[in-house]
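By convention in this document, chain letters (A, B, ...) are assigned in the order of the sequence lines, proteins followed by strands, and residues within each chain are numbered from 1.
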2 protein chains.
Amino acid sequence: MLTTMPELSNGDDADAVNALRSAVMRLSRRLKHQRVDESLSPTEMSVLGTLARCGRATPGELARKEHVQPPSMTRIVAMLEAKGLVRLEAHPDDRRQKVVTQTEQAEAMLEESRRKRNAWLAELASGLDEDEWAKVRAAAPVLEKLAQL
Amino acid sequence: MLTTMPELSNGDDADAVNALRSAVMRLSRRLKHQRVDESLSPTEMSVLGTLARCGRATPGELARKEHVQPPSMTRIVAMLEAKGLVRLEAHPDDRRQKVVTQTEQAEAMLEESRRKRNAWLAELASGLDEDEWAKVRAAAPVLEKLAQL
DNA sequence: AGAGGGTAATGAGTTATGCTAACGACCATG
DNA sequence: CATGGTCGTTAGCATAACTCATTACCCTCT
């Protein structure tokens with residue numbers, strides 16, 4: 001739990017934070033261009049990914065998960081609905097809320113997406129050795145957790 | 001070198017890529033708001049970090065390193081110069097190019113930046129256990145390398 | 001020496017993607 | 001039944017990137 005957190009003041013961690021921040025910013029920029037579907041923004045893709053894991057969610061929940069303001073999520077969901085990738089239904093208990101679910105079309109697109117991402121990854125991974133890649137793989141779920149804190 | 005790259009087709013790696021992509025997008029969004037200097041965009045900060053490591057670079061080199069188009073870097077460098085954080089000099093051998101170096105003021109700002117980032121990190125790290133944090137620390141330099149490939 | 005192709009930086013205009021503020025519909029508690 | 005809080009939405013705006021076009025310069029080849 002890092003209750004004492006002694007390492008936050010030492011140089012290694014400071015370097016790690018610097019590296020992490022820099023890498024995240026640059027990678028996010030590259031990911032914007034590495035779109036699996038030309039007409040879908042990274043955040044829209046991320047929402048689909050979240051839906052695939054959660055099954056269903058309200059716009060507000062999605063906004064919190066993606067760290068986006070509710071109005072932005074409104075627009076994103078509307079976009080996705082217009083493209084037939086999600087469905088909006090009335091919330092069973094609360095008529096203020098709505099429930100978003102993904103369509104079969106989205107399911108197919110995500111599969112396609114996985115293939116293309118792997119291709120992209122193959123190119124990048126060729127620059128990493130086995131050990132480096134193992135570190136990335138180990139850290140990936142942690143980073144995801146970190147992003148949601 | 002992953003010459004055979006057998007793991008690119010297995011599920012673990014696909015999951016890792018999904019998690020990584022999602023985490024990078026969300027973290028980058030949060031980092032945008034966690035600015036150390038309110039008047040400096042994340043990319044501008046990243047450029048200063050790069051300069052701190054490299055010492056000096058041309059706008060074109062910086063654009064390539066940051067994965068930004070040259071015109072964007074022109075504007076960023078102009079911004080930084082206007083704020084007294086970098087200096088532009090003529091290239092000794094090629095009059096088309098310019099050389100960007102950081103000022104002492106930038107040096108001081110980066111130090112300030114490091115402190116604030118550590119504070120932000122402390123908050124996030126409190127949600128990770130020692131083992132998770134170790135994984136992030138191990139992966140940070142690799143991610144940086146990945147971002148530059 | 002001069003012409004022409006390639007590269008560096010830049011200027012202008014556009015697009016994308018988020019934000020804040022204000023609003024209407026709805027729940028819930030007195 | 002009124003009133004305060006919450007959810008989603010609408011409207012307007014800000015930022016930070018992009019593309020296309022231009023200018024200045026280097027370099028090679030004749």
What is the distance, to the nearest angstrom, from the CZ atom on B:Arg26 to the C1' atom on C:dG18? 16 Å
Would you mind reading off the distance between B:Met73 atom CE and D:dA16 atom P, rounded to a whole angstrom? 14 Å
What nucleic acid atoms does B:Ser72 come within less than 4.0 Å of, heavy atoms only: base, sugar-phosphate, or nothing? base
Any side-chain N or O of B:Arg95 under 4.0 Å from OP1/OP2 of D:dC26? yes
Heavy atoms only, 4.0 Å cut-off, all strands: where does B:Thr74 land among base, sugar-phosphate and nothing? base
Among C:dG6, D:dA16, C:dT17, the nucleotide that comes nearest once only the side chain of A:Ser41 is considered: C:dT17
Side-chain contact test, heavy atoms from C-beta onward, threshold under 4.5 Å: evaluate it for A:Glu144 versus B:Arg26 and give yes or no. yes
To the nearest angstrom, the CD-C1' distance between A:Gln69 and C:dT17 comes to 13 Å
Can you tell me the distance, in whole Å, between the CG atom of A:Asp94 and the C1' atom of C:dA25? 10 Å
Selected nucleotide, minimal atom distance to B:Arg64 side chain, candidates C:dA8, D:dT6, C:dT20: C:dA8
Between D:dC25, C:dA9, D:dC7, spot the one nearest the side chain of A:Arg96, thanks. D:dC7
DNA chain D nearest-nucleotide lookup for A:Pro71 and B:Ile76: closer to the 5′ end is A:Pro71
For B:Gln97 and C:dT7, is the shortest distance between a side-chain N/O and OP1 or OP2 below 4.0 Å? no
Report yes if at least one side-chain N or O of A:Thr43 is closer than 4.0 Å to OP1 or OP2 of C:dG18; otherwise report no. yes
What integer distance in Å separates B:Arg75:CZ from C:dA9:P? 17 Å
To the nearest angstrom, how far is B:Glu44 atom CD from D:dT15 atom P? 11 Å
Counting any heavy atom closer than 4.0 Å, what does B:Pro59 reach on the DNA or RNA strands: base, sugar-phosphate only, or nothing? sugar-phosphate
With rounding to the nearest 0.5 Å, note down the distance linking CG in A:Leu51 to NZ in A:Lys65. 9.5 Å
Calculate the interatomic distance between A:Met79 atom CE and D:dT9 atom C1'; express it in whole Å. 16 Å
Can you find a heavy atom in the side chain of B:Val100 that is under 4.5 Å from one in the side chain of B:Pro59? yes
Only one of B:Val86, B:Leu85, B:Val68, B:Leu62 clears side chain to side chain contact (heavy atoms under 4.5 Å, CB included) with B:Val47; which? B:Leu62
Output the rounded distance in Å from NE2 (A:His67) to C1' (C:dC19). 16 Å
Is there a side-chain contact between B:Lys83 and B:Gln105 (heavy atoms, below 4.5 Å)? no
Closest to the 5' end of DNA chain C, once B:Lys98 and A:Val68 are matched to their nearest nucleotides, is B:Lys98
